[in-house]
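Everything on this sheet refers to the single structure shown next.
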Amino acid sequence: MSCPLRPPLQRMPLQPRVPGCLAILRLQTIEHCDTSGTLLFCVLPDATFSTARMVQLHVKRGDESQFLFSTSVDVPLETLTQQVTAIYNTRLKVDRICSEFPELVDHGVTLPPNMQGLTDEQIVDLKLKDEWEERCVPSGGPEFNKDEIGRRNGHAPNQKMKEVLRNTMEEAKAVISKKQAVAGVCVTMETVKEALDQLRGAVMIVYPMGLPPHDPIRMELEDQEDLSGTQASLQVIPVEEAQLWWAAKELHRGKKLQDYIGKNDKTKIVVKIQKRGQGAPAREPVVTEEQQKQMMMHHYKRQQELKMLDEVEDDSHLHSDWSDRQALKRQFQGLNNIKWGPR
């Protein structure tokens with residue numbers, strides 16, 4: 001029976017609530033009316049969710065493990081290379097900021113470049129002044145702790161603010177830790193950016209007026225860092241120069257991932273990232289370092305067991321005088337020192 005004079009039904013767009021899941025729409029609409037035609041209830045098309053199976057990439061730089069990343073087999077390699085490179089470079093940025101946090105905690109913000117490395121007497125003689133010292137004051141007031149190398153102004157935050165910076169630094173380090181790959185935790189660009197935002201927020205809490213423009217932490221947060229001539233510049237890989245390799249094969253950007261690994265979406269592969277022009281990276285060893293350690297440990301234990309068995313089964317004592325059963329008899333008969341041969 002049809003349902004006359006019923007109000008129009010508003011159908012909201014359906015979106016999956018579970019990340020990484022595919023929505024399967026139920027296309028039937030179930031309506032129930034009473035004998036008078038009044039609509040009692042209506043079941044609209046809803047969505048059920050099934051977990052999408054993903055390919056897991058174990059990203060390495062050389063032989064060093066970096067992170068795990070999940071993707072699909074039909075992803076274009078152009079997109080995949082950009083995603084992996086962005087995560088890789090952002091993890092390096094977070095690590096560089098974390099390496100500067102202990103100095104910020106202990107000695108405050110950095111001095112201007114023309115004052116770094118100078119003694120107090122030299123600063124007075126040259127009539128130099130830090131214009132940012134009065135502006136960049138930590139919340140709750142500073143605690144003076146002189147920087148012996150003369151890189152920072154020595155106005156460190158108080159203990160409460162120090163804990164804010166330290167705790168945030170430890171949380172960010174845990175997000176980008178290489179132990180995440182061992183634990184099987186996949187890293188996304190969102191999680192790495194969240195760690196970066198947490199560091200930015202901690203700096204804003206401790207230094208509401210901001211850091212000096214020459215401070216390396218502010219330069220990193222504003223993407224104004226200058227890494228030329230540093231070891232860190234050798235680790236960064238520009239997106240346009242990045243290459244992904246798998247099984248000694250370069251994953252060319254014009255293709256899709258399934259063109260190399262097939263359409264099996266339950267695959268876990270080791271992908272190596274490096275700059276263009278560096279040649280093919282070394283193949284993955286047949287035996288991992290951990291497996292090699294276990295094999296060496298087992299071999300050593302086996303050697304110790306065989307050595308103990310040799311000691312237990314040693315019968316060299318049977319040739320000793322005290323183990324000779326006929327020694328007492330020969331002693332009574334005077335036959336101990338008999339030698340057969342010419343004198």
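Keep in mind it's a predicted model, so treat the numbers as computed, not measured.
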[X] (side chain) donor-acceptor with [Y] (main chain) under 3.5 angstrom:
X: D215; Y: T110; value: yes
X: T191; Y: V187; value: no
X: T267; Y: I261; value: no
X: S177; Y: K173; value: no
X: K146; Y: G154; value: no
X: R253; Y: T81; value: no
X: R91; Y: I176; value: yes
X: Q258; Y: K263; value: no
X: H58; Y: S65; value: no
X: Y260; Y: K249; value: no

[X] versus [Y]: any side-chain heavy-atom pair under 4.5 Å?
X: Q56; Y: F69; value: no
X: R218; Y: P212; value: no
X: Y207; Y: L104; value: yes
X: I87; Y: F67; value: yes
X: N153; Y: D147; value: no
X: K275; Y: P238; value: yes
X: M296; Y: H299; value: no
X: V137; Y: P142; value: yes

Given D197 and R200, is the salt bridge (Lys or Arg N to Asp or Glu O under 4.0 Å) satisfied, shown in steps?
CA-CA 5 Å; D197 292 338; R200 182 182 290 108; 2.8 Å; yes
V239 vs Y88, side chain to side chain contact (heavy atoms under 4.5 Å, CB included): CA-CA, chis, key distance, verdict
CA-CA 10 Å; V239 176; Y88 174 79; over 6 Å; no
If hydrophobic clusters are built by linking Ile, Leu, Val, Met, Phe, Trp and Tyr wherever their side-chain heavy atoms come under 4.5 Å apart, do L92 and M169 end up in the same one?
yes
Looking only at side chains, do Q243 and E250 share a donor and an acceptor under 3.5 Å apart?
yes
Return yes if a side-chain donor-acceptor contact under 3.5 Å exists between Q235 and Q231, otherwise no.
no
Which distance, rounded to the nearest 0.5 Å, do you find between the [atom1] of [X] and the [atom2] of [Y]?
X: L309; Y: Q304; atom1: CG; atom2: CD; answer: 11.5 Å
X: W246; Y: L251; atom1: CH2; atom2: CG; answer: 8.0 Å
X: K255; Y: L77; atom1: NZ; atom2: CG; answer: 9.0 Å
X: E194; Y: M189; atom1: CD; atom2: CE; answer: 12.5 Å

With a 4.0 Å cut-off on N to O distance, would you call [X] and [Y] a salt bridge?
X: R166; Y: E163; result: yes
X: R302; Y: E305; result: yes
X: R151; Y: E100; result: yes

All pairs passing ring pair (Phe, Tyr, Trp, His ring centres under 6.0 Å) where residues 151-193 contributes a residue, at least two apart
F144-H155
Set of residues satisfying side-chain hydrogen bond (donor to acceptor under 3.5 Å, both in side chains) with respect to N167, sequence neighbours excluded
none
Can you tell me which residue among L80, V271, L244 is in a side-chain contact (heavy atoms from CB on, under 4.5 Å) with L257?
L80
Check step by step if salt bridge (Lys or Arg N to Asp or Glu O under 4.0 Å) holds for R135 and D130.
CA-CA 10 Å; R135 303 182 191 178; D130 184 5; over 6 Å; no
Please assess E143 against K162 for the test side chain to side chain contact (heavy atoms under 4.5 Å, CB included), listing each intermediate value before the final yes or no.
CA-CA 11 Å; E143 296 179 358; K162 285 182 179 180; 4.2 Å; yes
L68 vs V59, test: side chain to side chain contact (heavy atoms under 4.5 Å, CB included). Steps then yes/no.
CA-CA 6 Å; L68 296 180; V59 181; over 6 Å; no
Could you check D106 against R152 for salt bridge (Lys or Arg N to Asp or Glu O under 4.0 Å), going step by step and ending with a plain yes or no?
CA-CA 9 Å; D106 295 335; R152 296 182 176 268; over 6 Å; no
More than 12 heavy atoms of other residues, nucleotides or ligands under 6.0 Å from CD of E134: yes or no?
no
Are more than 12 heavy atoms from other residues, nucleotides or ligands located less than 6.0 Å from atom NZ of K178?
yes
Could you walk me through whether C98 and L199 pass the side chain to side chain contact (heavy atoms under 4.5 Å, CB included) test, one step at a time?
CA-CA 8 Å; C98 290; L199 295 174; 4.1 Å; yes
Evaluate the side chain to side chain donor-acceptor pair (under 3.5 Å) criterion for residues Q294 and H298: first the C-alpha distance (whole Å), next the side-chain angles of each, then the deciding distance (0.1 Å), finally the verdict.
CA-CA 6 Å; Q294 295 294 335; H298 176 74; over 6 Å; no
Apply the test salt bridge (Lys or Arg N to Asp or Glu O under 4.0 Å) to residues E220 and K93: give CA-CA distance (whole Å), side-chain angles for both, the deciding distance (0.1 Å), then the verdict.
CA-CA 7 Å; E220 289 282 359; K93 177 185 285 290; 3.3 Å; yes
